[in-house]
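Reading through the structure tokens given below for one structure.
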Number of protein chains: 4
Amino acid sequence: MGQQEIKVAIVGATGYTGGELVRLLLQHPKVQIAALLRLSSEEAMPLSKAHPHLRGLTELDCVPYDEALLEGVDAAFLAVPNGVAMDLAPKLLEKGIKVIDLSADFRFRNAETYEKWYRKTHTAQNLLSESVYGVPELHREKIRKARLVANPGCYPISALLALSPLLRRRLIQLDSIVIDSKSGVSGAGRSQLEVGYLFTELDEDFRAYGVAGHRHTPEMEQEFSALVGEPIRITFTPHLVPMVRGIFTTAYAKLIEPMSTSDVHALYAEDYADEPFVRVLDAGELPRVKAVVGSNFCDVSVFIDERTQKVIALSVIDNLVKGASGNAVQCFNLMFGLDERIGLWQGGLAP
Amino acid sequence: MGQQEIKVAIVGATGYTGGELVRLLLQHPKVQIAALLRLSSEEAMPLSKAHPHLRGLTELDCVPYDEALLEGVDAAFLAVPNGVAMDLAPKLLEKGIKVIDLSADFRFRNAETYEKWYRKTHTAQNLLSESVYGVPELHREKIRKARLVANPGCYPISALLALSPLLRRRLIQLDSIVIDSKSGVSGAGRSQLEVGYLFTELDEDFRAYGVAGHRHTPEMEQEFSALVGEPIRITFTPHLVPMVRGIFTTAYAKLIEPMSTSDVHALYAEDYADEPFVRVLDAGELPRVKAVVGSNFCDVSVFIDERTQKVIALSVIDNLVKGASGNAVQCFNLMFGLDERIGLWQGGLAP
Amino acid sequence: MGQQEIKVAIVGATGYTGGELVRLLLQHPKVQIAALLRLSSEEAMPLSKAHPHLRGLTELDCVPYDEALLEGVDAAFLAVPNGVAMDLAPKLLEKGIKVIDLSADFRFRNAETYEKWYRKTHTAQNLLSESVYGVPELHREKIRKARLVANPGCYPISALLALSPLLRRRLIQLDSIVIDSKSGVSGAGRSQLEVGYLFTELDEDFRAYGVAGHRHTPEMEQEFSALVGEPIRITFTPHLVPMVRGIFTTAYAKLIEPMSTSDVHALYAEDYADEPFVRVLDAGELPRVKAVVGSNFCDVSVFIDERTQKVIALSVIDNLVKGASGNAVQCFNLMFGLDERIGLWQGGLAP
Amino acid sequence: MGQQEIKVAIVGATGYTGGELVRLLLQHPKVQIAALLRLSSEEAMPLSKAHPHLRGLTELDCVPYDEALLEGVDAAFLAVPNGVAMDLAPKLLEKGIKVIDLSADFRFRNAETYEKWYRKTHTAQNLLSESVYGVPELHREKIRKARLVANPGCYPISALLALSPLLRRRLIQLDSIVIDSKSGVSGAGRSQLEVGYLFTELDEDFRAYGVAGHRHTPEMEQEFSALVGEPIRITFTPHLVPMVRGIFTTAYAKLIEPMSTSDVHALYAEDYADEPFVRVLDAGELPRVKAVVGSNFCDVSVFIDERTQKVIALSVIDNLVKGASGNAVQCFNLMFGLDERIGLWQGGLAP
């Protein structure tokens with residue numbers, strides 16, 4: 001393909017999601033990584049220092065952000081803190097660069113929701129109606145045409161893939177939804193230098209956090225509400241698991257009409273039949289984080305507790321892949337008219 | 001009590017809960033361990049082979065069960081598989097030996113429930129009305145007078161301590177209860193020689209199991225129902241966390257009337273004010289497994305999600321201590337008129 | 001190579017090294033996996049049951065070994081227990097199938113050494129002189145021409161890459177070599193259903209095993225001796241680390257003549273300058289297992305303790321990749337005239 | 001015992017070794033904890049915030065150091081950074097308070113060695129000849145009479161207990177000693193807020209650090225030299241294991257005269273026959289970290305590699321107990337004429 005390679009830049013390349021973008025894009029046959037950038041306030045850093053596992057695979061260093069380095073770039077991945085992407089994206093789009101933003105800045109249709117939950121003034125509100133929420137399984141056609149994709153939060157994508165077959169058919173009581181999610185620690189990123197993230201504090205521990213107030217709640221509510229066509233409120237509790245990668249979501253809701261496990265399983269199988277990265281397990285089979293670590297797959301399973309008529313939907317993803325960088329590459333493939341599996345079509349790492 | 005130490009036997013001393021009983025009772029100032037027993041079908045094993053961490057602390061070997069070894073014993077702890085205790089307990093009681101059974105055999109008031117969920121015929125049904133369900137926080141006075149205590153399941157005790165202040169006041173909708181529990185792997189015991197329990201399979205993994213059908217469900221339902229005075233059905237999902245010890249329970253229910261976090265916190269503080277081993281955290285504080293590993297404490301916390309009027313109650317225990325052997329010793333103390341803290345009044349092991 | 005893809009069979013596809021072979025070969029652009037086999041005594045198993053992480057990536061099941069399934073196959077990878085490969089290899093070679101054996105059966109020049117350490121009679125001794133010890137960094141040209149490659153043990157390859165620059169130059173006292181290696185648990189494989197390999201027993205534990213008698217000792221001695229040109233005996237101690245993958249080898253030896261760290265570092269840099277998969281770290285830099293997990297790289301580092309004139313050479317590999325299946329694919333590439341990086345040229349998975 | 005309780009203060013109570021001192025001393029029947037102190041520059045902190053596992057076991061807060069708080073105190077444990085104890089100890093001794101210092105400040109007979117390796121000027125050199133190196137197994141009588149005990153480094157005590165039977169009999173070549181140690185992460189303490197100590201960076205990783213230059217090297221050399229009566233230099237390499245607690249030391253040396261494993265085992269058994277906290281394993285048995293976690297035991301094992309005439313001595317300790325706070329309490333017991341097992345005589349926590 002040679003000169004027709006798509007040139008991409010990664011902003012925030014030294015973090016964990018940045019590292020995953022580099023790892024995935026280095027093996028993407030249609031991509032040339034043109035620049036690895038950090039925030040303009042940060043110092044240059046050799047890639048092998050930021051990501052020793054990628055030593056020797058590229059000559060590029062991670063250098064401070066500078067617009068001049070983006071000349072000729074076709075797409076930019078923004079793996080930056082919330083509040084930064086809204087500054088960068090408008091300029092990039094003006095230069096004709098397509099943007100896949102992994103932060104929360106462009107996920108909300110409603111700037112007020114963002115401002116309330118993220119406690120920041122949104123400075124690029126005009127782009128909110130244009131940006132596409134990057135879940136290929138829900139918004140594939142819009143993503144294909146988008147200039148700006150807001151890659152979803154890791155918890156929301158796991159919850160959406162677990163519940164969308166039920167939501168879009170309105171099979172569940174809308175005030176009964178509980179999302180109980182369990183995440184590996186890499187979701188906290190690399191720059192959280194707090195005692196609570198030390199190995200000694202997390203190993204052999206299990207905790208909840210952000211109870212009744214995590215910022216991924218309104219993001220789920222926006223997308224759940226869109227699926228059912230009316231406003232929904234949910235209860236969401238995230239937990240930290242002593243492992244590096246993975247999100248396991250256990251979603252609960254009350255059925256409106258009685259159904260059996262095989263009934264709902266059939267709906268899931270139908271909805272996801274053509275989805276390359278959603279694997280509906282056999283009826284009765286349970287998902288495991290280890291089956292998706294390192295890959296872009298989401299494994300989904302659904303059960304009816306016949307004694308209580310509650311549905312229990314379970315999903316697993318690698319939070320850094322389908323929950324972040326892999327899904328971003330999947331969106332990128334769609335935006336550039338490629339088969340969405342390119343660069344992503346491989347198994348995870350197990351055991 | 002001096003030279004009148006209470007003589008105890010531990011049946012099933014080579015398993016994990018057996019090992020915890022030995023560890024705790026070796027440092028119990030009022031106890032003399034008279035015999036360490038295995039099932040009669042098993043071979044003798046030096047304690048240092050079964051439990052290298054206890055090497056040098058006692059001369060006793062673990063020997064096959066033989067009634068002759070129980071002469072003069074005051075109490076027996078049964079850390080045996082379900083179905084074995086119902087054979088042993090009647091004979092022990094006949095000899096005047098008090099029994100603390102850590103299996104499920106005597107937990108149910110109703111033999112049918114046991115037989116349905118455990119798929120065994122109950123051969124000592126006459127003892128079911130006498131046996132006391134061993135949660136000191138709920139049944140302290142009955143335990144004091146009991147000859148036979150059924151130590152609760154690890155998940156049920158964590159759920160009961162999380163929800164009892166709400167249940168006994170009927171503040172929640174009875175069909176809305178979801179118990180989402182996460183357990184360390186030691187709950188599976190030591191004899192589960194299956195591929196799924198190998199280190200390589202569980203490390204960096206997270207799974208659910210027993211979805212919509214775990215055997216601790218009817219046990220919770222029995223005790224929840226007793227607290228509210230009418231039959232309740234719940235949805236319970238256990239999960240396996242890549243850590244050795246600990247259970248973290250996140251319990252959800254819908255409030256009947258609006259309440260604030262501080263309202264419900266006050267009820268918890270009131271109910272548990274005099275409980276030595278239940279620590280109600282400060283309002284807004286979150287529990288961690290690491291705070292209870294190795295100790296008999298249960299840390300409890302409660303929140304109201306004001307947006308959905310759901311209550312989220314959280315509890316942590318060490319599944320082998322408050323969830324098994326420690327709670328059994330606490331019951332033992334009560335049965336013998338001792339301060340229930342004796343032998344248990346110490347902090348866990350952290351970090 | 002297009003439609004002339006090389007057809008390969010994997011025997012022992014349901015184990016951990018088998019799974020890695022499948023994972024790597026599925027993404028190898030020149031390979032078609034023709035058959036996934038188990039031992040003839042084992043039952044057929046869907047790949048998604050043996051390796052849930054590979055679900056959906058191939059339609060093949062793992063079926064019992066049957067020669068008929070090998071028609072038209074160009075190469076066979078044997079990921080089978082020691083003692084099985086010596087039965088299979090002669091027949092495969094007769095059919096014109098090239099063999100890469102991951103067991104120990106063809107690693108020794110001397111059948112007696114094998115028989116003494118592995119306690120098995122060798123039934124294909126005539127192939128021992130022909131088989132090539134599969135370390136590309138030492139025997140690249142022979143591997144290119146081989147019909148039968150004996151893939152090295154995981155510990156020996158880590159020790160060889162750590163010490164070969166010193167051995168081939170005879171810079172160290174030959175009776176002073178100590179190899180202290182630390183391995184992730186996956187090296188034990190999946191079929192070791194013993195209490196000692198349960199999660200509960202290994203998590204938060206660290207052990208030595210096979211002290212003064214591990215079977216990789218004579219394999220190291222054979223190759224070390226070949227490098228220096230005279231018989232060497234070494235002391236080797238393996239240890240188990242509570243992690244799934246990775247080998248960290250710390251090798252010690254006494255220098256014959258004084259040297260500085262930068263002196264020896266220069267030799268390593270020289271020897272490995274053109275090696276695609278050996279990364280000599282900068283002088284003073286230390287290797288980490290996490291930098292190689294999931295990849296075929298070996299990171300190497302060397303220090304002189306100037307106070308004692310001991311050299312300390314450190315290497316890290318992923319035991320299932322460079323220590324097994326990845327290295328086997330590298331040998332395969334050489335045997336079929338391919339660039340040895342094909343299918344392997346990617347970073348590991350971190351964090 | 002009542003009013004004759006010994007009053008102790010713990011300085012540095014909010015760190016990991018400080019927390020272990022509190023945990024152990026709270027259950028010490030002859031001790032009353034009079035004060036929990038931090039550095040004078042730090043803020044007061046409730047104990048339950050520093051150590052949630054100790055919530056409810058004492059009313060004491062951790063308050064900034066102030067001499068007034070030490071009135072009436074009999075002994076002070078200093079769990080402070082290197083360089084702080086040399087300031088505090090002289091004043092405490094002047095007040096008649098016995099001091100057990102867990103830092104490195106009083107471990108060296110020779111101030112120059114300290115100043116070279118720790119890069120600090122020693123301001124209390126006059127106390128170096130008086131302070132006793134706190135290994136009860138080597139210096140019990142001196143400890144009994146000491147006012148000032150320097151609790152040993154975690155690695156040195158593990159190496160000393162592994163090798164002292166050989167050293168004091170001069171059975172090994174003095175220039176052949178290699179100490180390869182593997183430590184849990186808690187040895188790094190709680191205040192090391194660096195990326196390298198995050199859970200995500202250490203979990204599933206294994207690393208060496210301080211190669212050919214760790215500060216515990218001269219401490220081992222001082223004590224090894226004292227045992228053999230002439231100066232020794234050793235090679236010492238510490239490694240980080242992804243677990244919280246434990247040190248596993250593999251020590252290598254060349255025998256001067258041929259010996260068998262049972263010969264050396266007999267010497268170990270003899271030397272440690274009366275040591276309460278050193279457990280010599282049966283000949284051929286291998287130590288495990290999990291057997292000592294949470295306890296003050298050191299398990300020791302020794303092997304001869306008959307093929308190379310190297311001795312391989314292995315020891316395990318809990319770095320925070322026998323490697324720090326537990327050993328400090330053992331020394332304290334000796335200093336106050338108590339049975340040295342008091343407060344420490346219990347098994348560790350396993351599994």
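Order of the sequence lines fixes the chain letters, A, B, ..., with proteins taken first and strands second; residue numbering starts at 1 for each chain. Below, all heavy atoms of this structure are taken into account, side chains as well, without hydrogens, waters or symmetry copies.
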Exercise. Among D:A291, D:P52, D:P287, who wins on heavy-atom pairs under 4.5 Å with chain B?
Worked result: D:A291
So what's closer than 4.5 Å to chain B heavy atoms on [X]: side chain, backbone, both or neither?
X      : answer
D:L26  : neither
D:R23  : side chain
D:Q27  : side chain
D:R245 : side chain
D:S295 : neither

For this session: Quick one: which of B:V22, B:V292, B:L57 has the most heavy-atom pairs under 4.5 Å with chain D, could you say?
Result: B:L57
Exercise. Is the backbone N or O of B:A50 less than 3.5 Å from a side-chain atom of B:R190, with the two atoms forming a donor-acceptor pair by type?
Worked result: yes
Exercise. For the atom pair OG (B:S191) and OH (B:Y16), what is the distance rounded to the nearest 0.5 Å?
Worked result: 9.0 Å
For this session: Enter the distance from D:S48:OG to D:E59:CD here, rounded to the nearest 0.5 Å.
Result: 10.5 Å
Problem set entry | B:V241 side chain reached by B:F248 side chain, heavy atoms, under 4.5 Å | no
Exercise. Are side-chain heavy atoms of B:V316 and B:R288 found at a separation under 4.5 Å?
Worked result: no
Problem set entry | Check against side chain to side chain contact (heavy atoms under 4.5 Å, CB included), B:W345 and B:F277 | CA-CA 9 Å; B:W345 195 245; B:F277 290 112; 3.7 Å; yes
